[in-house]
Amino acid sequence: MTAKSNRSLWPDIEPLLSQVAKPSRYIDHEFNRVVKENAKYHAVFVYPDSYEIGQSNQAVALLYEIVNQIEDVAAERAYLPWLDMAELMRDRQIPLFSLETMSPLADFDLIGITISHEMAATNIIEVIDLAGLPHRSADRDSSHPLLIAGGPVCFNPEPFAPFFDMFVIGEAEDLIGELIELHRNMNNADRTELLEAMAAIDGVYVPAHQTQATVNRRVFMGFSSTLPSTCLVPYNEVAHDRLTIEVLRGCTRGCRFCQAGMTYRPVRERSADAIVQATTSGIAATGFDEVSLTSLSTTDHSRIESILRRLNDRYRNTGVSISIPSQRLDAFGVEMAYLVAGERKTGLTFAPEAGSQRLRDVINKNVTEQHLFGAIEAAYKAGWRRSKLYFMIGLPTETDEDVLAIADLANRAYALAKDCVPDKQRSQVRMSLSVAVFVPKPATPFQWSGQLPLAEVKRRIELLRQAGMAKGIDLSWHDPEVSQIEAALSRAGREAADLIEAAWREGAVFASWSECFDYQQWQRAAATTELDLAQLSERSYPHDQALPWQHIQSGVSVEFLLKEWQKAELGLTTADCSFDQCLNCGVCAGDVRIETEGSRHE
Amino acid sequence: MSEQFRLRIVYAKQDRLRWLSHLEVMRAMERLVRRSGLPYVVTQGFNRHMRFAIGPALPVGTAGLNELFDVWLTQYVAPSDAQTALSQAADDIIAIRKVQYVNPDAKGLQATHTINRYLLLVDSAVGALELQSAMDAVIATGHLELPHKKSTRSFDLSQTVAESPVVLPTVDADGYLLVSCAIVSSDTGSLRPEQLLACALDEGSRIVSVTRTALESPDTV
């Protein structure tokens, strides 16, 4: 275990602040931060992106709170400095630092990095490198901090495996304490012995420990009975600059492309009373003027109408608004249109995902165009003037007709929206169409499917662009080249670690930022490592072939995923088990079960 | 409309918070008011928000010892109680120095408080007398042309400088010279005190820090 010095790097950092953009990223001192004096064990949780992206990350916030509640243990936060700051730090040999005590990361006992998406891959190397640590676990020893990773990407940890000592698979709330306690108890153990002991913890994957046949996802069944935490109040305008209350976890709508829908099962709701109480105390403790009730599908909460009504009553005429991140089309009626966001109607988001009913059935979206039109009518009649529709392009079995159906559906929804507002307000009606490129993800029914070739994705986007969209519809789409890299990394094996490191050497950092992404860096990295980006992203796996991530068990059985894939090919849908009967997906067993406050029957 | 009470708060933006931008300070102060539980007025427009006005902006990196913001309340709260509530909500991060009521219909802070008093710490390669002479020479020219984006901006020093820079007789703990001055802010772009002083500094000198010590109305000067 390392001995953390009390050396603050602030005197080295402050002189740099006049030379960098947004210096408030680096100053700490946010309200509700925790600084623990005299702790005996020090952990730092890192979000590998800029402060304004990472600060609102819920995983880091949760771990920060939980670990700081452990006696003698202190948790701090760190984010990746922006390019200008990183350059100055390298020039002056200043290592990556934590915010609370401005300590070098290498001084901590444990560094936990949250990996939310594949495009953060090279940022991870940047974090490790700026911290002054050897990139690979094999090159580190007991004098270095333990480096652990968590987050959705860990359902295929292999492309990242050489960089980390271990991975947390699933929900870390009640696992992190166990892990820290073991680390503290094995203070003097050698690295191999320590990692071997860590591998025995349920939900921990140690890549160097060859005998781990399978690792089961950890499920936190205390979710419903615990209250969400009070969050930090940033100065900087962060990505989600509001109080967030996680109202439920898990979603069993069963969308076949959705990794979160498969890997956060079962559905667990917090009670309406707990949500209202957490919101009230959270607003009072932070001073935010907005609360977002977050989850994978907030409108599915069995008490959502009551929650929204109570919160709207509580915050009427206070300038505080209540929002939910996106709305299920089939759960957004006239009533909900008046309840969401109270008086502040800035925008609404719906996700039909596909333009045709055939393709919506393939992906098991279980919504119809009547649901979309009903939601649009309710929203625009209730005073909304802007909405955003999410679609995907390149889904399995997609044809040109499906692509053109996106434009047709959007045009009809837009025309309906205009019909729903008074004549004088028609010019205010706007609709944004955001089109993502399908990226097959591990642990989903589409995990065996390859991504479309880059040229074909581009052709289909062009087809949509030329399809004739109404003037009030703004079309935007994800960069197909970014999506290709994402697909290449999401289902690759350990060989992709070399690709990631080579891309970082080519200068790829902040690759999820459009202004920083450079496809040529990845092409050069692929050439160096003799890997083919097209092959990695487009390959389809035979159903009987071992997958690079097959040792990671999400809880949903391979048999269930395969059955869902076969139903997708036939265009057959599957119901939601939290509304209907159990589908035997494999998740619920023993203590792990659905927890809803009321009945979800529609 | 029911009666409203306009509370003026004097606070310090210093230490690490000097690195906040004007917008960041504004957001932080609004959140501070909400945390304090004071009964603030909410505007009745399309986008309802707290009725709040902040004083003239400070550049990122410049500290302020007596910065100002106004918030309108729906009920009278004794200034001492309001100060306690705000101070508790500010934790130990922002110092709330003074709280008082002002005329609800008075002009805005940015229109009235146009005299900006500054204190600069200077790591000077020359002595106090020599620095004073150099500064006096700059003022005597009567105007400054400073680069601004791709062009230049011209300042009439007789209008812009309310009090010429003066090297104070004392030095700070690190031996830096202290220079005070007062600048008049304007809607069309204000002269920064460090820009004025930089014209008088030789190559071996540097400005260590800039602090706005007070914001005043010309009527009270």
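A note on names: the letters A, B, ... follow the listed sequences, proteins ahead of strands, and every chain is numbered from 1. Below, each value reflects all heavy atoms present in this structure, side chains not excepted, and no hydrogens, waters or symmetry copies.
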Exercise. Find the distance between OG1 (T62(B)) and CZ (R192(B)) and round it off to the nearest 0.5 Å.
Key: 6.5 Å

Self-check item: Shortest non-hydrogen contact from P104(A) toward P95(A)
Solution: CB-CG, 3.9 Å

Quiz item: Any Lys/Arg nitrogen of D91(B) or R35(B) sitting under 4.0 Å from an Asp/Glu carboxylate oxygen of the other?
Solution: no

Quiz item: By a 4.5 Å heavy-atom criterion (distance strictly below it), what part of L23(B) contacts chain A: side chain, backbone, both, or neither?
Solution: neither

Practice problem: Could you point out which residue of L243(A), L339(A), L293(A), I307(A) forms a side-chain contact (heavy atoms from CB on, under 4.5 Å) with I322(A)? | Solution: L293(A)

Quiz item: T349(A) side chain to K388(A) main-chain N or O, any donor-acceptor pair under 3.5 Å?
Solution: no

Quiz prompt | Segment of E30(A) engaging chain B (4.5 angstrom heavy-atom cut-off) | solution = backbone

Quiz item: What are the residues of residues 72-81 of chain B, in order of number, with any heavy atom under 4.5 angstrom from a heavy atom of chain A?
Solution: none

Quiz item: Which answer fits P234(A), side chain, backbone, both or neither, if we ask what part of it has an atom under 4.5 Å from a heavy atom of chain B?
Solution: both

Practice problem: Kindly say whether I54(B) contributes a backbone atom to a donor-acceptor pair with the side chain of Q110(B) at under 3.5 angstrom? | Solution: yes

Exercise. Would you please indicate if the ring centroids of Y40(B) and F52(B) are separated by under 6.0 Å?
Key: no

Quiz prompt | Side chain, backbone, both or neither of R33(A) within contact of chain B (heavy atoms, under 4.5 Å) | solution = side chain

Quiz item: For the residue pair F510(A) and W82(A), does the interplanar ring angle fall in the parallel (under 30°), tilted (30 to 60°) or perpendicular (over 60°) class?
Solution: tilted

